[in-house]
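Everything below concerns the one structure shown next.
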2 protein chains.
Amino acid sequence: MRVTSLDVARAAGVSQSTVSRALRGHPGIPPETVRRVREAAAALNYIPSDRARDLATRSTRRVAMVVDLDNPLWSLLVGRLYDELARHRYRLTLIAEHGDPEDIESHVLGGSVDGVIVSTAARGSRLPEVLHDREVPTVLLHRYAEDVRLDASVADDRLGARSAARILLEAGHRRIGALLGPSSASTGRDRAAGFHDALAEAGVEAAPEHVRHGGFTFEHGRSAVTEMAAAGTLPDALFCANDMIALGAMNAAHELGLRVPGDLALVGFDDLAEAAWPLVGLTTIRVPFEDMLRSAVDLLLERITGFRGGPRRVVHPVEPVLRSSHRRA
Amino acid sequence: MRVTSLDVARAAGVSQSTVSRALRGHPGIPPETVRRVREAAAALNYIPSDRARDLATRSTRRVAMVVDLDNPLWSLLVGRLYDELARHRYRLTLIAEHGDPEDIESHVLGGSVDGVIVSTAARGSRLPEVLHDREVPTVLLHRYAEDVRLDASVADDRLGARSAARILLEAGHRRIGALLGPSSASTGRDRAAGFHDALAEAGVEAAPEHVRHGGFTFEHGRSAVTEMAAAGTLPDALFCANDMIALGAMNAAHELGLRVPGDLALVGFDDLAEAAWPLVGLTTIRVPFEDMLRSAVDLLLERITGFRGGPRRVVHPVEPVLRSSHRRA
DNA sequence: TCTCTGCGTGCATACGCTTGCATAGAAAGG
DNA sequence: CCTTTCTATGCAAGCGTATGCACGCAGAGA
């Protein structure tokens, strides 16, 4: 903040604009001049002001990610997004979904970021709509919003859930239940739909008391299994709409003295690193987060650099990971 | 970026500076004028440019956090830091430690942030030193750097490790080993020291083959136990320098058919939410991350707002959480 | 020797906001 | 009714960089 390009200019005996051009690698500056400027800059410990540059160029090389900080998934997403953005020399600003909506909007629209990645398109949030109306480059990640015409990079949740349910069917289970996510999220809806697809195909019916909706949380899985057991309505196998739910279910089962699998078979969804931790390996559906982030960033940068076509949706295939929690006794 | 305060000024029939003052709540602007300006701003959908404001005020209300994205702990820290900063109307920018050092420095020093929280003061990183020399408001979180005079908010790692080892001693274990962290981190060193404190006090000695250094990772715990078992040098109990190591150790033990506790007792450190997940509850030392972040933010904001005193170190007490993994057969 | 290119550089302005200083008009005091 | 004191507002100068345009000068061509 102290030493400016003007200081460097004086030290190098050139004008401020030459300093700018030399340092930014503009064509038409002879190597000798560049060297002199570089030296002067280094000698003075000159560091250009991002803020002034941003103001002058009307761009920030910064992307915001809106996440639900209560969902452990975000940490996985953010870490990878960071790396992916770094490859393109973009920076990352975090915005929590649970913040003041006004504040979120002003942050995004205040020009502190060139684009936004929204990993939490819960129904009811008007953020996607606002972003669309204001023409802020935006990509929905992991979840999409049917009603807003925005780019999205998502997993094939419906097909994945169908595979998950099939794994249980093929293992020979028939009394199959499901711990589903909230239907406010596209992931919740699609994974529920996929589950029902598979059962319908197999001509199997899930008892209503075996199917529960809840948050994508450890606690949902834990309480659901505890309550089902108490009510004596525990099925043989449970499809859990994500790994957190499955881990919670596994935990509850263990506390009840139930073996997994054996007494209760489980299949999750996501393939968090944690899925490999529990003492019983969790069978799950792997979501290719890395790929999803890569295309999310690609979509976003295209928007930022001027692409104006209609909304695109990239759907990534998912893949079953068979460990042991799905087996039949 | 389109509609500026000048547009609002014209619409409201006042000057641009009046718009600025009215919207920023400066004293001496009559309510009537404020109302007119507000209305005009709302009608035009005016959103002030953060960048221009930043440039004019030489402040950004933004804090950077430098984290090690390979360490799962960061997600816990970042989430809470976000909230804590939000309370003070500050924004958060993420910087990964594994990035290009040049780039990290230029980011931090380029004036895009008012201050920095470093949660990864590994020895060898010259970042703390640079920040100190440049007089960038900085607070070290979780780990500190002995050689650089910076504020820090840390846990009482040494005392915590001592409690952890004592838990094992008091449970009656005598053949106690430790899976320690890297000595490049203050947490690694202090937790190792605390472990040795407790053993020395009790007059117990740890066999060299029972003590291993490694990363703060699941993999370290996993491979250490696997290798010790293979070599026939497994102790009765292990102090793990953090929960990730403990979870890895527990996982390996299970694969080897060893019961935890019983065949192998474990105590961890941190009390991650995950510590409660495994089928055997992990006994651990709870680190008050929430408190640590609160004081880290307080320290930082004081620096940002001009405090110039010497370095302060806030040490937070830790607390044992007794589940079952520490028991004796 | 005199234009004509073209390269290297500088001048000046823009980016959108904050803020010290000046001023016009209203209120207060004599 | 005039001077003094506020009050409300406007003017204009930054903040530090990027960049269109103009210009000087050297070498080329005639």
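Chain A is the first sequence line, chain B the second, and so forth, proteins listed ahead of strands; every chain is numbered from 1. Computed from a prediction, not measured in an experiment: that's the story for all the values here.
A 4.5 Å side-chain heavy-atom check between B:Thr93 and A:Arg62 finds at least one atom pair inside the cut-off.
Of the side-chain N and O atoms in A:Ser49, none sit less than 4.0 angstrom from OP1 or OP2 of D:dG16. Listed pair B:Arg24 / C:dT18 meets the phosphate criterion, a side-chain N or O lying under 4.0 Å from OP1 or OP2. Between A:Ser15 and the phosphate of C:dT9, there is no side-chain N or O to OP1/OP2 separation shorter than 4.0 Å. Between A:Thr33 and the phosphate of C:dT9, there is a side-chain N or O to OP1/OP2 separation shorter than 4.0 Å. Between A:Arg53 and D:dA18 there is a side-chain polar atom (N or O) within less than 4.0 angstrom of OP1 or OP2.
B:Leu55 places its CG atom 17 Å from the P atom of D:dA13, with the value rounded to the nearest Å. Going from atom CD1 of A:Ile29 over to atom P of C:dG6 covers 18 Å, rounded to whole Å. At whole-Å resolution of the value, CD1 in A:Ile47 and P in D:dT17 are 11 Å apart. Distance, B:Leu23 CG to C:dT19 C1': 16 Å, rounded to whole Å. Regarding B:Leu6, its CG atom lies at a distance of 12 Å from the P atom of D:dG10, rounded to whole Å. If you take CZ of A:Arg36 and C1' of C:dG8, they are 11 Å apart, rounded to a whole angstrom. Separating the CZ atom of A:Arg51 from the P atom of D:dA18 is a distance of 14 Å, rounded to the nearest angstrom. Rounded to whole angstrom, the span from the CZ atom of B:Arg61 across to the C1' atom of C:dT18 amounts to 15 Å.
Inspection of the A:Ser112 and B:Arg91 side chains reveals no N or O donor paired with an N or O acceptor under 3.5 Å.
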Quick one: which protein N/O atoms are closer than 3.5 Å to N/O atoms of nucleotides 20-24 of chain C? Pair and distance per line, please.
| unit_1 | atom_1 | unit_2 | atom_2 | d |
| --- | --- | --- | --- | --- |
| C:dG20 | O6 | B:Arg21 | NH1 | 3.2 |
| C:dG20 | O6 | B:Arg21 | NH2 | 3.3 |

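With D:dA18, D:dT9, D:dC15 as the choices, the nucleotide that has an atom nearest any side-chain atom of A:Ala56 turns out to be D:dA18. The side chain of A:Thr57 lies closest to D:dA18, out of C:dT19, D:dA18, C:dC17. Of the listed nucleotides (D:dT17, C:dG16, D:dC15), D:dC15 has the atom at the smallest distance from the side chain of B:Arg58.
Using a 4.0 Å cut-off between a side-chain N of Lys or Arg and a carboxylate O of Asp or Glu, A:Arg189 and A:Glu146 qualify as a salt bridge. Using a cutoff of 4.0 Å between basic side-chain nitrogens and carboxylate oxygens, B:Arg134 and B:Glu105 are not scored as salt-bridged. Taking a cutoff of 4.0 Å between a charged side-chain nitrogen and a carboxylate oxygen, A:Glu32 and A:Arg35 qualify as a salt bridge.
Side chain of B:Tyr144 to main chain of B:Val154: no donor-acceptor pair is present (N/O by atom type, distance under 3.5 Å, no hydrogens or angles). Judged by distance alone, the side chain of A:Thr138 and the main-chain N or O of A:Val136 form a donor-acceptor pair under 3.5 Å.
Interatomic distance, B:Ser20 OG to B:Ile29 CD1, rounded to the nearest 0.5 Å: 9.0 Å.
On a pure distance criterion of 3.5 Å, a polar donor-acceptor pair joins the side chain of A:Gln16 and the base of D:dA18.
Looking at heavy-atom distances under 4.0 Å, A:Ser20 makes contact with a base. Within 4.0 Å of A:Val19, counting heavy atoms only, lies no atom of the nucleic acid at all.
Both A:Asp50 and B:Gly28 lie close to DNA chain D; mapped to their nearest nucleotides by heavy-atom distance, the more 5′-ward contact belongs to B:Gly28. Comparing A:His26 and B:Pro30 by the nucleotide of DNA chain D that holds the closest heavy atom to each, the one mapping nearer the 5' end is B:Pro30.
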